[in-house]
K.L.:
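Mind having a look at this structure? Questions to follow.
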Amino acid sequence: MPTVVSVFGVEPFRIGGTETYARELSLQLERHGWQSVLCFLTAPPDEVLRFLDLPNVTIEVLDQAVGFNLRALRMMSGILRRHRPGILHLHYTGMLSPYPWLARLLSVEQTFFTDHASQPAAHVPQRAVLWKRWLARLINLPLSKVICVSNYGYRCLTARDLFPARRCEMIYNGVDLTRIQKDPQRAAEFRRRFAIPADRQIVLQVSWIIPEKGISDLLAAAELVIRRNANVHFVIAGEGPHRPDYMTQTSEMGLDQNITWTGLLTDPFTDGVYDAADVVCQVSRWEEVFGWVIAEAMAYEKPVVATRVGGIPELVSDNESGFLLQRGDVETLAEKILILISDPALQRSMGEVGSNTVHSKFDLRRNVAQLVRAYDVESKSS
């Protein structure tokens, strides 16, 4: 049976954007009679494994998949020999890797790479020096196509000229709209679970807890907001190496009674965090290539306050589905949160615009179908 091997250089410890994409891809491949082999850095935990459990899915572990190392090459070779795929698709493995040449040596017909990379703050895309262009093009010669997940990502990639632009295609990441089911009871349970008073309005950020996500800016804005409205409660959901430091900072600022750190949520859709939120923030400092959490929040009809960086303006329309502001502008961030908190009608209207945007641009089923067409599985199935 024809097979796609998808390699994800991430740990599948939650039901997030990557895992949802992998499931939708597998579903669509099954309809065409294809097998789907999903490779991760570690074995999925039981809840994720159940989520990915489909008749045509096989799970493989490829630890150390990122970068150049002999052990990963041997493991990849074993996976390709076992499954004999027609297509290899690489995600989060780095654009320069030995896998495309290995795939060619083992007679894989097509190799794809999806560029999920965000860029440093204030990054200016520019053409790479000649030797880097030659080396990158040699390493990537066997690549059939590079998928970019936003127009911003496409501009960054093609500006560097490390890969022929004619073999690049922009396909947005997306949200599984079949999983969007707003549930007030789930919202109430989330509040009970984290001891958040029922009368408080919730401002949410879901992200890795790292400086690049603007956590310090969010805390500084929270101090300004709470000073003016003590009935606002901030929820910061996610995990990361800097979480203990930010929690200590929260205590030193005297904000413990108005900020909740949830840690990792296995599935934000079923954990009720979006159901409970009134406003969602994503105040990244680096150039986000895409905003998966933003798209999820918009699908739940939540207004978004976000920084004008990277690909985020492709999701959030300023003054329509939310507010955009400059990175590090704490005063404006606090002001926009207070405007939304005080105006439920504005929350609803912005939420509706955001939901319409997701349905038109970020529907996972439609966007994965575009990828499957790029695979040309129909002609290969016949």
Side-chain angles (χ1 to χ4, degrees), residues 4-10 17-18 21 25 39 41 62 64-70 72-73 76-77 80 85-173 212 284-292 309-315 367-368 370-371 373-376:
V4 175
V5 170
S6 300
V7 177
F8 302 95
V10 297
T18 296
Y21 157 85
L25 174 64
C39 307
L41 294 180
L62 181 63
Q64 301 181 34
V66 181
F68 290 76
N69 65 86
L70 290 177
L73 270 177
M76 175 70 86
S77 177
L80 297 180
I87 298 170
L88 171 67
H89 196 146
L90 305 168
H91 302 258
Y92 305 104
T93 58
M95 189 170 176
L96 302 181
S97 81
Y99 301 136
W101 278 106
L102 177 64
R104 173 169 286 190
L105 289 171
L106 294 178
S107 302
V108 177
E109 293 178 19
Q110 295 185 89
T111 301
F112 287 71
F113 172 77
T114 292
D115 183 11
H116 296 278
S118 296
Q119 303 296 334
H123 172 73
V124 178
Q126 58 186 350
R127 199 179 193 199
V129 296
L130 183 62
W131 71 266
K132 287 185 178 180
R133 299 201 306 272
W134 283 1
L135 180 60
R137 286 180 177 240
L138 176 62
I139 292 172
N140 289 322
L141 188 63
L143 269 182
S144 308
K145 184 169 284 190
V146 172
I147 305 298
C148 304
V149 298
S150 66
N151 287 314
Y152 171 78
Y154 182 89
R155 290 194 301 272
C156 287
L157 178 66
T158 55
R160 290 197 298 271
D161 198 21
L162 300 177
F163 190 76
R166 68 181 183 277
R167 284 156 53 199
C168 299
E169 183 175 355
M170 197 286 288
I171 303 177
Y172 279 125
N173 288 328
E212 292 84 351
S284 299
R285 281 183 163 264
W286 65 4
E287 309 292 340
E288 294 276 3
V289 70
F290 188 77
W292 234 325
V309 297
I312 288 179
E314 297 175 46
L315 291 94
N367 295 355
V368 168
Q370 184 181 346
L371 174 63
R373 288 194 296 274
Y375 287 166
D376 195 21

K.L.:
Say you draw a straight line from CZ of R104 to CH2 of W101; how long is it, rounded to the nearest 0.5 Å?
P.N.:
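One finds 5.0 Å between CZ of R104 and CH2 of W101.
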K.L.:
Got a list of side-chain donor-acceptor pairs under 3.5 Å for residues 139-148, not counting sequence neighbours?
P.N.:
residue	atom	partner	partner atom	Å
N140	ND2	A136	O	3.3
S144	OG	T111	N	3.1
K145	NZ	E169	OE1	3.0

K.L.:
Are any non-hydrogen side-chain atoms of L102 and P100 less than 4.5 angstrom apart?
P.N.:
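L102 does not reach P100 side chain to side chain.
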K.L.:
Just how far is it from atom CZ of F290 to atom OG of S118, taken to the nearest 0.5 Å?
P.N.:
11.0 Å
K.L.:
Could you give the distance from OG1 (T18) to NE2 (H91), rounded to the nearest 0.5 Å?
P.N.:
8.5 Å
K.L.:
Using modelled atom types only, decide if a donor and an acceptor are shared between the side chain of T93 and the backbone of V66 within a distance under 3.5 Å.
P.N.:
no
K.L.:
Shortest non-hydrogen contact from G311 to L315?
P.N.:
O-CD1, 3.4 Å
K.L.:
Apply ring pair (Phe, Tyr, Trp, His ring centres under 6.0 Å) to Y375 and list each qualifying residue two or more places apart in sequence or on a separate chain.
P.N.:
H89, F112
K.L.:
Between atom CG of L25 and atom CG of L371, what is the distance when rounded to the nearest 0.5 Å?
P.N.:
6.0 Å
K.L.:
Can you find a heavy atom in the side chain of S107 that is under 4.5 Å from one in the side chain of E109?
P.N.:
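Side chain of S107 against side chain of E109, heavy atoms only: no contact under 4.5 Å found.
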K.L.:
List for me each residue that meets side-chain contact (heavy atoms from CB on, under 4.5 Å) alongside A165, sequence neighbours excluded, and say none if there are none.
P.N.:
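Applying side-chain contact (heavy atoms from CB on, under 4.5 Å) to A165 gives Y154, T158.
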K.L.:
Taking all atoms of both residues into account, what is the closest heavy-atom pair of S97 and G94, and its distance?
P.N.:
CB-O, 4.1 Å
K.L.:
For Q110 and L88, indicate whether the former's side chain and the latter's backbone hold a donor-acceptor pair under 3.5 Å.
P.N.:
no
K.L.:
I'd like to check T114 versus L90 (side-chain heavy atoms, cut-off strictly below 4.5 Å). Are they in contact?
P.N.:
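Result no, sub-4.5 Å side-chain heavy-atom pair not found.
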K.L.:
Please verify the inter-ring angle class for W292 with H116; under 30° counts as parallel, over 60° as perpendicular, anything in between as tilted.
P.N.:
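Plane angle under 30°, so parallel.
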K.L.:
Only counting residues at least two apart or in another chain, list the ones meeting side-chain contact (heavy atoms from CB on, under 4.5 Å) with R160.
P.N.:
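In terms of side-chain contact (heavy atoms from CB on, under 4.5 Å), with neighbours along the sequence ignored, R160 is linked to D115, Q119, C156, L157, L162.
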K.L.:
Answer yes or no: is there a donor N or O on one side and an acceptor on the other, between the side chain of N69 and the main chain of Q64, under 3.5 Å?
P.N.:
yes
K.L.:
Return the OG to CD1 distance between S284 and I312, rounded to the nearest 0.5 Å.
P.N.:
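So the gap between those two atoms works out to 4.5 Å.
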K.L.:
Indicate whether any N or O donor in one side chain lies under 3.5 Å from an N or O acceptor in the other, for E314 and Y172.
P.N.:
yes
K.L.:
Got a sec, which residues hit side-chain contact (heavy atoms from CB on, under 4.5 Å) with L138, two or more places apart in sequence or on another chain?
P.N.:
none
K.L.:
Please check if the side chain of Y92 supplies one atom and the backbone of A65 the other of a donor-acceptor pair under 3.5 Å.
P.N.:
no
K.L.:
Determine the minimum heavy-atom distance between V289 and Y152, stating which atoms define it.
P.N.:
CA-CD2, 4.2 Å
K.L.:
Closest approach of S77 and L106, non-hydrogen atoms and distance?
P.N.:
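Taking S77 first and L106 second, the nearest heavy atoms are OG-CD1, 3.9 Å.
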K.L.:
Minimum heavy-atom separation for C39 to V5, with atom names?
P.N.:
SG-CG1, 3.8 Å
K.L.:
If you compare all heavy atoms of V108 against all heavy atoms of G86, which two are closest, and at what distance to 0.1 Å?
P.N.:
CG1-O, 3.7 Å
K.L.:
My understanding is that only residues two or more places apart in sequence, or in another chain, count here; which of them pass ring pair (Phe, Tyr, Trp, His ring centres under 6.0 Å) with F163?
P.N.:
none
K.L.:
For atom CG of L130, is the number of surrounding heavy atoms from other residues, nucleotides or ligands below 6.0 Å larger than 12?
P.N.:
yes
